[in-house]
Amino acid sequence: MPIARIGMYLPLSENTLHLLLDDAAELLPVLQALSLAQYTALLLVARLPEQQEKQSFQPEQFFAQALDIGHAQVQQADLKSYIEGTHSLISKSQITDGINCLIDFSIALLDDKTVALGEYLQLDGSWDFEFKDRHRNALNEGAVKIQLHSRNVSYLTTEQSRLYREFEAQSDEQIHVQGYAGTGKSTFIVAILKLLERSNAQVLLLAHTKKQLDALSAKADLHPNVHKKTFIGLAQQILPDDLTVSSHKNFRRIDMSRATMPDSQLIQLLGVRDSGGFSALEIIAAVRGTLYRYCQSDSDEISDEHIPQRFKATFDVSTTAITCQHAKALWRQFQTSGPEHLKPQVRGFHVIKWAALNRCFVPPGYTHILLDECHSLSESMLQILNNSPQALLTLGDEYQSVNGAAALMPESVRKRELSHSVRSSSQIESIVNPIISVHPGKSKSPFHGNTNHRIEIEYYKVAKVPDQTFVILVNEMWGLFEWAQRIAAENADIQLLSSAKDLDMFVQDCIELYNTGTRARHPELFRFNSWQDVERHHRNIPGFQRINRMLEKGFGYKDWQQTYSKFNSHGRGNVALDFIKNTLNHEFDNVMLTPGIFRGSMSDNRAGFCSILYVGVTRARKKLLVPETLRDWIEEVSVK
């Protein structure tokens with residue numbers, strides 16, 4: 001909750017609430033250790049849930065009157081007697097429910113030191129209504145004030161303000177900021193842009209996607225000297241100009257379609273054969289993965305270090321060498337001339353790699369480069385930036401790199417951290433910090449949630465569709481298919497946040513491949529020749545197992561049409577559904593993580609696994625619903 005929105009500071013601390021809600025402690029002895037102001041604050045907290053529908057309720061007025069009544073009672077007897085006579089008005093469940101209402105009433109907690117000082121009371125012990133303004137000003141003292149879009153004024157946090165002043169003093173140096181989820185990285189970028197605007201700097205604002213750039217633009221009136229580009233857009237701009245060279249010309253033709261050259265066609269093009277007990281289809285999958293990892297890397301040549309581990313661990317020496325040979329041949333296909341219909345599609349990561357190999361750099365017309373979400377940065381893109389003469393400020397969160405470990409910044413770059421979340425509640429710390437501890441990432445500073453926010457965390461044994469409005473997050477297409485069916489079976493309307501057309505194609509392809517063997521069009525399925533191939537590849541995925549059983553029982557297109565008819569494109573579905581990876585830069589009131597996120601072993605891709613958990617649990621504002629498997633996993637990793 002922004003400081004400007006806080007209407008009352010309650011003389012209670014987070015630590016005091018932990019003591020009150022401790023399952024092992026009796027409530028009355030803890031209450032008797034409180035001051036009159038703290039006890040009165042609890043009387044207000046217990047009253048909040050029943051007042052939520054009453055717009056006329058004024059929390060601060062209620063508190064001040066209750067404090068005066070309590071003060072009069074204490075003068076007649078003592079505080080201990082007063083608490084003993086009224087403590088039946090307070091229970092642990094009422095405290096819990098009331099705490100969850102604090103945000104709705106714009107009420108914030110104080111820290112232990114401020115509670116002990118008691119500056120919220122006047123000399124006669126009554127409530128000081130001017131305290132909130134004094135305390136707000138004290139918190140804002142020294143904070144950097146910035147003007148956002150539409151002339152809205154905001155303050156940077158203490159942590160952000162310290163970084164801002166460091167950059168202001170040394171704006172021509174390279175700085176990397178590792179900022180945990182919700183620490184206000186985008187707001188900080190806007191502040192830096194406003195700072196550079198005053199010096200007429202020519203700034204290149206970079207992000208992985210156009211959507212990320214648009215989100216930054218929505219926060220501020222960008223100066224004409226700020227130039228926005230995606231990573232791919234920059235790579236296209238700086239490619240070598242000589243179009244008489246076929247390779248330079250080829251890499252300017254990015255194919256934006258999701259379809260790609262079928263494995264059978266690629267096998268024929270490269271002459272791939274079975275090897276070492278592995279089929280040509282399995283080898284071509286390894287070839288694709290090898291080339292992708294090469295393009296993400298800063299390597300000049302393709303080698304066996306680029307073969308995905310799941311293949312490399314089982315390949316013999318000969319099959320490993322053959323895979324590298326075919327990956328090199330595939331890379332040459334992008335560089336040579338020939339009929340377009342026989343060439344594999346050029347993707348953005350191919351263009352970025354080609355620009356890096358050609359030692360391309362950002363034109364010197366820009367004075368500064370600001371890069372948001374740099375955890376999406378490939379090592380090849382980082383090469384381009386390191387070759388460039390501009391001052392560079394990068395912001396990201398290596399724990400949000402859901403596809404694996406993020407690229408590492410050079411040792412020469414100054415590294416700073418933002419660890420205090422503005423958005424996430426402090427209750428999330430008990431989940432996020434264990435994730436950070438076992439993630440292979442380098443930043444290990446503790447994550448700090450916002451004590452002014454409250455979130456309810458609930459662990460479930462059996463997964464079911466919530467009876468409240470929730471955003472349900474899955475990790476792969478099988479989970480999306482499965483949960484769309486589950487939600488439809490509950491007669492709930494589904495707000496599909498990802499592409500409904502894409503899911504429709506996937507389901508239709510599943511049905512046709514299962515029933516008739518018709519080759520699939522969807523990118524998740526097109527490489528499989530039969531449903532048996534799909535089953536062999538996905539048999540360990542619980543979501544696939546359930547879908548397979550549905551198909552065995554005769555699930556067909558008419559059944560799917562009934563589900564599809566419940567998709568609501570107007571944002572009013574009872575339950576929303578999406579991939580975790582699609583929710584970066586988003587937050588929702590209520591979030592449920594499905595059990596499918598725990599499929600497989602953490603050792604397969606520890607960075608990706610931990611990042612999926614991290615992103616998922618930090619999306620919720622009010623309630624987080626997670627499988628008990630998560631709690632078991634946290635307990636397991638916490639004792640190691």
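Computation of the quantities below employed the complete heavy-atom set of this structure, encompassing side-chain atoms and omitting hydrogens, waters and symmetry-equivalent molecules.
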Does [Y] offer a backbone N or O that forms a donor-acceptor pair with the side chain of [X] under 3.5 Å?
X	Y	answer
N250	T336	yes
N582	D578	no
H306	I302	no
Y614	A181	yes
D509	H522	yes
Q545	R539	yes
D274	A280	yes
E476	W478	yes
K415	Q178	no

Test ring pair (Phe, Tyr, Trp, His ring centres under 6.0 Å) applied to H537 and F528, step by step: CA-CA 9 Å; H537 190 79; F528 299 108; 5.4 Å; yes
The criterion is salt bridge (charged side-chain N to carboxylate O under 4.0 Å, His left out); which residues satisfy it with [X], sequence neighbours excluded?
X	result
E458	K623
K210	D214
R631	E628
R332	none

Around [X], counting heavy atoms of other residues, nucleotides and ligands shown, do more than 12 lie under 6.0 Å from its [atom1]?
X	atom1	value
Y564	OH	yes
E173	CD	yes
E552	CD	yes
K444	NZ	yes

Is the shortest distance from a Lys or Arg side-chain nitrogen in R359 or D300 to a carboxylate oxygen in the other one below 4.0 Å? yes
Any ion pair linking R619 and E587 (charged N to carboxylate O, less than 4.0 Å)? no
Would you check if [X] and [Y] make a side-chain contact, meaning some heavy-atom pair closer than 4.5 Å?
X	Y	result
I284	V287	yes
Q237	P363	yes
P344	Q265	no
S611	Q400	no
V617	L593	yes
W354	N358	yes
L497	F588	yes
V474	I580	no

Sequence neighbours left out, what passes side-chain contact (heavy atoms from CB on, under 4.5 Å) with [X]? Give chain and number order.
X	answer
S430	none
M550	F481, Q485, I547, F555
A463	Y460, W483, R486, M592, P595
S424	S421, F447, T618

Are K185 and F188 in a cation-pi contact, defined as NZ or CZ under 6.0 Å from the six-membered ring centre and within 45° of the axis? no
Distance-only donor-acceptor check, side chains [X] and [Y], under 3.5 Å:
X	Y	value
T290	T323	no
D316	T319	yes
H208	D372	no
E305	S299	yes
E373	H375	yes
Q508	D504	yes

For the atom pair [atom1] ([X]) and [atom2] ([Y]), what is the distance rounded to the nearest 0.5 Å?
X	Y	atom1	atom2	value
L382	N387	CG	CG	9.5 Å
L357	I352	CG	CD1	12.0 Å
S530	D533	OG	CG	3.5 Å
R416	L163	CZ	CG	7.5 Å
S401	H439	OG	NE2	7.0 Å
T314	K312	OG1	NZ	12.0 Å

Scan Y294, Y292, F231 and name whichever one has a ring-ring contact (aromatic ring centres under 6.0 Å, His included) with F349. Y292
At their closest point, which heavy atom of S419 faces which heavy atom of T183, and how far apart are they? C-CG2, 4.0 Å
Test side-chain contact (heavy atoms from CB on, under 4.5 Å) on R414 and H176 and set out the steps. CA-CA 6 Å; R414 277 189 297 147; H176 170 64; over 6 Å; no
Going by the rule ring-ring contact (aromatic ring centres under 6.0 Å, His included), which residues pair with F315 if we only count those two or more places apart in sequence or in a different chain? F278, F311
W531: what forms a ring-ring contact (aromatic ring centres under 6.0 Å, His included) with it, not counting sequence neighbours? Y514, F544
I'd like to know whether S297 forms a side-chain hydrogen bond (donor to acceptor under 3.5 Å, both in side chains) with E379, so could you lay out the CA-CA distance, the side-chain angles of the two residues, the decisive distance to 0.1 Å, and finally the verdict. CA-CA 5 Å; S297 75; E379 291 180 353; 5.2 Å; no
Parallel, tilted or perpendicular, as decided by the 30° and 60° cut-offs, for the rings of H350 and F334: tilted
Would you call the rings of F251 and W331 parallel, tilted or perpendicular if under 30° counts as parallel and over 60° as perpendicular? tilted
Which residue pairs pass the salt bridge (charged side-chain N to carboxylate O under 4.0 Å, His left out) test with at least one member in residues 275-294, sequence neighbours excluded? D263-R288
Applied to residues 390-408, the salt bridge (charged side-chain N to carboxylate O under 4.0 Å, His left out) test, sequence neighbours excluded, yields none
